[in-house]
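A short worksheet on the structure shown next.
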Amino acid sequence: MTDSSKENLRQTALAYHEFPKPGKLEIRATKPLANGHDLARAYSPGVAEACLEIKADPATASRYTARANLVAVVTNGTAVLGLGDIGALASKPVMEGKAVLFKKFAGIDCFDIELNERDPERLADIVCALEPSFGAINLEDIKAPDCFIVEKLCRERMNIPVFHDDQHGTAIVVGAAARNALHVAGKSFYEIKIVSTGGGAAGIACLNLLLKLGVRRENVWLCDIHGLVYEGREVDMNPQKAAFAQKTDLRTLDDVISGADLFLGLSGPNVLKPEQVARMASRPIVFALANPTPEIMPDDARAAAPDAIIATGRSDYPNQVNNVLCFPFIFRGALDVGATEINDAMQIACVEGIAELARATTSAEAATIYKGEQLTFGADYLIPKPFDPRLCGIVSMAVARAAMETGVATRPIDDLAAYKRKLDASVYRSALLMRPVFEAAATASRRIVFAEGEDERVLHAAQAILEETTETPILIGRPEVIANRCERLGLQIRPERDFNIVNPENDPRYRDYWGTYHDIMKRRGVTPDLAKAIMRTNTTAIGAVMVHREEADSLICGTFGEFRWHMNYVTQVLGSDMLHPHGALSLIILEDGPLFIADTHVHVHPTPENLAEIAIGAARHVRRFGIAPRVALCSQSQFGNQGSDSGKRARAAITILDSEPRDFAYEGEMNVDTALNPELRARLLPDNRLEGAANVLVFANADAASGVRNILKKKAGGLEVGPILMGMGNRAHVVTPGITARGLLNMAAIAGTPVAHYG
């Protein structure tokens, strides 16, 4: 990196911490505080009731306060990673960063606490005094051997989990990486020889955990800056190092490296030489974890041993050993069951969960974030990526189960499967709302054809469909392209074995397909030659023909291209007097709940009849999510106060809806803020027909609907499910190019429910 690049990185990092406001954290209230009534409940006199309940039963603090989801990250700044003893104040940016990671990856609230106290016993006294405030303590960046003393005293005296992440977090991720490296190398913990450099907190903790995973103590050779730790050595020794002292005349790393199966480096730069790697056992495992410069650079290690399996602490090489794979999730599981400690069983459960996830199929979300990286289990992919959303559900549940099985859980969970669904819902925001749809889809096995079968998002969705539903995916695309991409993406699915393929270039059904399409379109200007060309090149038309011929139950298309282009072919082939597009409905999942928007794509300027049809269809689809629809017809006009065209059409639509009894609540025409604010609506029209905020907004033109949809997605952080094509009997859905693999899975579940299931 050039000097100018380094300076640019420095200035960028400083600006990140300073703007738009200093630091990386803020406190946000979780309850309303808008009036005197709220104030009386939040503080005096109402707060006294919660205080008295906790005084009578301390366990109720988890019900009435944030303590059960609150962790303290505590340091004295004596061993900050890569920076050393920089003091408590200078360590604050690191601790704020740790708090942000807790929140981002596991939804855990965290206060960073930096203490000017270097005496380990006095530091332990301060930490122990914090117990009433927190559900758990994360000790961080405290030098060895002081960290051992602080953790030991705190664990003995506190009745909440105390976890020194530099020790145990590192050890857990190393343990997971080692388990999978041994799996790749065809070796076992029991038989391997380990040579380790670095006798600090992380190094000792890693060795202790590896012993618990099956490594024999006599096979561990520990070196530090003074050489090998051997029996009788007096220089720079402590009880933790002494536990690994070998009875031998050997004295240096070079003396003991021969035949080593695993080198574990948690020391400093360039400690391990290429010629030493060459003397290790066959298929050596080299974990060079010093930061920023490892004990040996991966390229040098591989040059010495081409079959080496290598991990570092750096993000620019494969297999980054990163504590963020562990600490958010082990704390999540511990907090959720009210664990009194984080014990060996919980740590090993964390190891196994992380290791197992790496061996599973790569998640679409991780593949998107780490685009271009090889995420297939093997020598270059031993542990998951930090942004793999499955970590929370898998690892936290494993930790919670281990806590209950070992008797340290004060709030055991009765239904672990439901707990995992809750964890997944905290990561996949659509999971909770989509659950009724997935349950309905599970009652019927439907064949879903994807027009863009070569798209990577479609391939990830197909894998998920086979894992999570009873549906059968059918992909339109070239078999060799699909097979190669499945392999490159680390997917377990393969064409024909796991799903069917329609090959536009060479399919035995080609004549039948173009003949069917020609029969449908022959009096609409389509000649046999044109029908043949379309069935060779237009995958949306091919998918629609398959549904028409009852070779598939529903089509999903639109991952690229313009919505109405796709809809044209869907309507040509599948439309009828009974089936025609009523509108497109988008579910936007917001922080305060779901909001449905229509019509975003089908009718540019809907008629009153269209608007009434959209409202009826939207109400029907909203019920699929277990939600009672409250429909507002939105316009610039408000209850007749303007003569605008949109207001007139909305009023006419209300008249159409009023002409028959309806099984859903609706009202209009009105502004969006009136639809969402029941108090305002009550002032403007006291006898209006809606109760509470509307959850379905029907707009009088597509520009308004699409604009609101996109603003909610981009500026309000809304997550879209859809668009759902209403009126086609669930036989086709046209998505948009921005859809994710998770979005395609959600659409497959929607398409996977026969219309009879939801009216």
**Request:** For the pair F134 and F111, name the ring-plane relationship: parallel under 30°, tilted 30 to 60°, perpendicular over 60°.
**Result:**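 The arrangement is perpendicular - the two ring planes meet at more than 60°.
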
Salt bridge check: are [X] and [Y] linked by an N-O gap of less than 4.0 Å?
| X | Y | value |
| --- | --- | --- |
| R390 | D424 | no |
| E591 | R28 | yes |
| K241 | D224 | yes |
| E53 | R63 | no |
| R179 | E352 | yes |
| K385 | D388 | no |
| K422 | D336 | no |

Are more than 12 heavy atoms from other residues, nucleotides or ligands located less than 6.0 Å from atom [atom1] of [X]?
| X | atom1 | value |
| --- | --- | --- |
| R216 | CZ | yes |
| E691 | CD | no |
| R217 | CZ | yes |

**Request:** Go through the structure and list residues passing ring-ring contact (aromatic ring centres under 6.0 Å, His included) with F105, not counting sequence neighbours.
**Result:**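 So F105 forms a ring-ring contact (aromatic ring centres under 6.0 Å, His included) with F387.
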
**Evaluation steps, side chain to side chain contact (heavy atoms under 4.5 Å, CB included), between S62 and R411** = CA-CA 10 Å; S62 63; R411 298 190 302 275; 3.7 Å; yes

**Item:** Pairwise salt bridge (charged side-chain N to carboxylate O under 4.0 Å, His left out) hits with a residue in residues 79-88, at least two apart
**Value:**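 Listed by first then second residue: D85-R118.
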
**Complete:** Residue pairs passing the salt bridge (charged side-chain N to carboxylate O under 4.0 Å, His left out) test with at least one member in residues 100-114, sequence neighbours excluded, are K92-D112, K92-E114, K103-D109

**From CA spacing to verdict: side chain to side chain contact (heavy atoms under 4.5 Å, CB included), K21, E26** = CA-CA 10 Å; K21 60 175 67 174; E26 66 179 7; 3.1 Å; yes

**Message:** Could you check whether T406 and N343, counting side-chain N and O atoms only, form a donor-acceptor pair closer than 3.5 Å?
**Reply:** yes

